[in-house]
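In what follows, a single structure is set out as structure tokens and then discussed.
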Amino acid sequence: MIINDISISCRQDEFYRPSLKSPEDCLVLYILKSPAVFCINGNYTQKYKNSFIIIDRDTQYNIFATGEVLVFDRLTLKSDGNANTIIPYDLSANTLYQLSSCSKTDYLLNIILNEYYNLSTHKNELLGQYVSSLFMVLGNEVKSEIPSGKLPYYDKLLEVRRKIYSNPNEKWTVDSICRQVNLSRSYFQMLYRDAFGITCINDVIESKIKLACQLLESTQKTVSSIAAMCGYDSDVHFMRQFKKITGFTPSEYRKKH
């Protein structure tokens with residue numbers, strides 16, 4: 001496959017709702033750094049942070065941001081002339097897969113980006129090797145999807161998550177949650193990530209930032225008051241995490257919305 005286009009670290013706001021179509025001779029690879037939902041042929045995917053999807057050729061699809069800044073990498077790959085080109089490593093098109101990490105794909109995509117704009121004689125050959133390596137990483141990083149009913153302690157994990165999002169003002173810690181569910185720290189964190197595609201502590205942070213966004217949009221409370229309402233002892237810590245997740249300072253976010 002030949003690279004037709006590449007975009008790294010694209011950022012879109014939470015109202016991003018485009019209707020798109022992949023070219024008739026190209027696959028489109030998305031690597032998501034934030035949760036998103038795809039609608040393909042009327043079917044909606046789940047949403048995972050750290051995930052990827054390969055949109056099949058000549059496919060109408062929609063991508064939906066899910067209430068926060070959407071961050072993704074996108075790679076458009078053209079068929080090399082073989083109409084029977086198969087996606088390698090038994091990966092299926094139009095299927096959202098979780099990634100345990102984006103670190104390896106980030107590394108390879110940056111190399112691919114640099115080589116894409118290089119004018120060297122062996123450019124296409126090198127790009128082909130890098131793309132092959134990228135798909136190898138994706139294939140190896142795909143997690144086996146365990147049906148939720150068979151995941152150990154799934155009901156407990158679901159109840160924990162419900163409490164986190166119902167009470168984002170609480171000062172949640174992994175240790176305190178582990179004591180509640182009577183599981184070891186390492187086992188709990190592994191189960192939580194397998195169940196929801198995100199670490200528990202990052203889920204806690206996202207619940208707090210989601211509440212902060214709602215308060216910034218619907219009230220005139222000060223940033224300091226909102227930080228306290230979201231369970232932060234430090235305004236600086238709150239503002240740092242808020243900008244990391246949304247891409248805006250709290251004041252910028254309020255002005256924009």
Side-chain angles (χ1 to χ4, degrees), residues 7-18 30-38 45-53 63-74 96-106 109-110 157 160-174 176-177 189 192-257:
S7 302
I8 302 295
S9 297
C10 301
R11 298 181 71 89
Q12 302 290 347
D13 66 28
E14 64 272 31
F15 302 109
Y16 188 62
R17 301 284 192 278
Y30 284 88
I31 297 178
L32 301 169
K33 310 297 181 61
S34 60
V37 172
F38 287 82
T45 66
Q46 292 177 285
K47 64 171 186 177
Y48 298 124
K49 185 176 182 178
N50 292 344
S51 57
F52 75 92
I53 188 168
I63 178 172
F64 299 90
T66 57
E68 59 185 87
V69 173
L70 178 63
V71 184
F72 60 87
D73 302 323
R74 182 175 56 216
L96 188 68
Y97 292 99
Q98 282 186 264
L99 286 172
S100 61
S101 170
C102 286
S103 58
K104 292 180 181 178
T105 57
D106 285 345
L109 282 169
N110 277 300
L157 298 172
V160 165
R161 199 178 202 206
R162 186 193 66 76
K163 287 181 178 178
I164 288 171
Y165 276 86
S166 298
N167 304 279
N169 57 305
E170 294 285 338
K171 293 180 173 60
W172 299 101
T173 67
V174 174
S176 67
I177 295 171
Q189 292 193 111
Y192 197 97
R193 184 161 188 165
D194 283 348
F196 306 119
I198 187 172
T199 65
C200 181
I201 199 63
N202 283 340
D203 222 7
V204 167
I205 293 169
E206 289 200 5
S207 74
K208 293 178 182 295
I209 299 305
K210 185 171 288 187
L211 173 60
C213 288
Q214 293 170 357
L215 293 171
L216 286 165
E217 292 175 24
S218 60
T219 75
Q220 294 301 314
K221 294 182 182 296
T222 65
V223 171
S224 182
S225 296
I226 290 174
M229 292 174 69
C230 295
Y232 287 91
D233 294 324
S234 165
D235 293 359
V236 173
H237 186 208
F238 164 67
M239 289 188 285
R240 185 181 298 123
Q241 287 193 338
F242 190 93
K243 184 165 186 178
K244 181 178 180 181
I245 290 177
T246 68
F248 301 98
T249 66
S251 298
E252 289 170 342
Y253 184 91
R254 171 171 274 165
K255 185 176 180 180
K256 181 177 174 64
H257 295 84

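- Using a 4.5 Å heavy-atom threshold, the side chains of Ile177 and Tyr192 count as separate.
- The closest donor-acceptor contact from the side chain of Arg254 to the backbone of Thr219 lies under 3.5 Å.
- Arg74 places no side-chain N or O within 3.5 Å of a backbone atom of Ser7 that could act as its donor or acceptor partner.
- Listed by chain and number, the residues in a side-chain hydrogen bond (donor to acceptor under 3.5 Å, both in side chains) with Lys33 are Asp73, Asp106 (sequence neighbours excluded).
- The CG atom of Asp233 lies 4.5 Å from the NZ atom of Lys171; values are rounded to the nearest 0.5 Å.
- Distance alone, capped at 3.5 Å, places no donor-acceptor pair between the Ser207 side chain and the Pro168 backbone.
- Atom CZ of residue Arg193 and atom CG of residue Asn50 lie 6.0 Å apart, to the nearest 0.5 angstrom.
- Here Phe38 pairs with Tyr30 under the ring pair (Phe, Tyr, Trp, His ring centres under 6.0 Å) rule; sequence neighbours left out.
- Qualifying side-chain hydrogen bond (donor to acceptor under 3.5 Å, both in side chains) partners for Ser225, counting only residues two or more places apart in sequence or in other chains: Thr222.
- Leu157 approaches Ala195 most closely through the heavy-atom pair CD1-CB, 4.0 Å.
- Side-chain atoms of Asn202 do not come within 3.5 Å of backbone N or O of Ile205 as any donor-acceptor pair.
- Taken from CG in Leu211 to OH in Tyr165, the straight-line distance is 11.5 Å, to the nearest 0.5 Å.
- With sequence neighbours excluded, no residue forms a side-chain hydrogen bond (donor to acceptor under 3.5 Å, both in side chains) with Glu170.
- Counting only heavy atoms from C-beta outward, the side chains of Gln189 and Cys200 never approach each other to under 4.5 Å.
- Closest heavy-atom contact between Ile209 and Gln241: CD1-C, 4.2 Å.
- Remark: Asn169 pairs with Asn167 by the side-chain contact (heavy atoms from CB on, under 4.5 Å) rule, at least two apart or across chains.
- When atom types are taken as modelled, the side chain of Lys243 and the backbone of Thr249 share no donor-acceptor pair closer than 3.5 angstrom.
- For Ser176, the side-chain hydrogen bond (donor to acceptor under 3.5 Å, both in side chains) partners are Thr173, not counting sequence neighbours.
- Distance check: Phe242 CZ to Tyr232 OH gives 9.5 Å after rounding to the nearest 0.5 Å.
- The shortest distance between side-chain heavy atoms of Ile31 and Cys102 falls below 4.5 Å.
- Contact annotation: the side chain of Gln12 never approaches that of Ile63 to less than 4.5 Å [non-hydrogen atoms, C-beta and beyond].
- Here the straight-line distance linking atom NZ of Lys208 with atom CD1 of Ile226 works out to 14.0 Å at 0.5 Å rounding.
- Residues Pro35 and Leu70 approach most closely at O-CD1, 3.8 Å, considering heavy atoms.
- With Lys47 contributing its side chain and Val37 its backbone, the two residues share no donor-acceptor pair below 3.5 Å.
- Ring orientation note: the planes of Phe248 and Tyr253 are nearly perpendicular, at an angle over 60° on the 30°/60° scale.
- Within the model, atoms OG1 of Thr199 and NZ of Lys49 stand 8.0 Å from one another, a figure rounded to the nearest 0.5 Å.
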